[in-house]
Structure formats: structure tokens, C-alpha cells
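Read through the structure below, which is laid out as C-alpha cells, and then see the notes.
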Amino acid sequence: MPNSEWQKSSFSASNNECVEVRTVDGLVELRESDTGDIIVRTTPVKFAKFLQGAKAGEFDHHANHIA
């Protein structure tokens, strides 16, 4: 898996408050564009499972706690 540049969702348009993703040395890295110094790293398999869970609504109950 080659290293790549940060990518953000096309749904973000020109908004700078979005999640960005890239691959580095076989790992997936995520960051929020407005706090780019905090980076979360995970494996491609774990990232894929997270995306599947998010699409299935597994984490929707957390949205009820946002102020």
C-alpha cells in the first residue's frame, strides 16, 4: 500500500472542518482538518470494519449526546 496525500470527503466541499484520511506505511491515518496535529492510526482491516459499523448505524446512539 503506497503512501498517499490527505484526502477528505467530497461532501466536505471547501469546508475545513472534516475528517481526512491517508495511508502511510501500510496503515490508515485519520485526522480532523482543523486539528491536524492529532492523528489516529489503524490497520486497513480495522478501518474497514469501523466504516461498515458506521454505515450500519452502530454508533448512531452517540449522536444523542452531542450538545
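- One N or O on the side chain of Thr43 and one on the backbone of Lys46 form a donor-acceptor pair closer than 3.5 Å.
- Here Arg41 contributes atom CZ and Arg22 contributes atom CZ; the two are 7.5 Å apart, rounded to the nearest 0.5 Å.
- Cluster membership for Val19 and Phe59, using ILVMFWY side-chain heavy atoms within less than 4.5 angstrom, is shared.
- At least one side-chain heavy atom of Val28 sits less than 4.5 Å from a side-chain heavy atom of Val21.
- Glu58 contributes atom CD, which lies 9.0 Å from atom CZ of Phe50 (distance to the nearest 0.5 angstrom).
- Of all non-hydrogen atoms in Ile38 and Arg31, the two that sit nearest each other are O-CB, 3.4 Å.
- Inter-residue side-chain proximity for Phe47 and Leu27 is flagged as unmet; no heavy-atom pair is nearer than 4.5 Å.
- Considering all non-hydrogen atoms of both residues, Pro44 and Gly26 come closest at CD-O, 3.4 Å.
- The line from CD1 of Ile39 to CH2 of Trp6 is 4.5 Å long, rounded to the nearest 0.5 Å.
- Each of Val45 and Leu51 belongs to its own hydrophobic cluster when Ile, Leu, Val, Met, Phe, Trp and Tyr are linked at side-chain heavy-atom distances under 4.5 angstrom.
- Distance CD/Glu20 to CD/Glu5: 11.0 Å, rounded to 0.5 Å.
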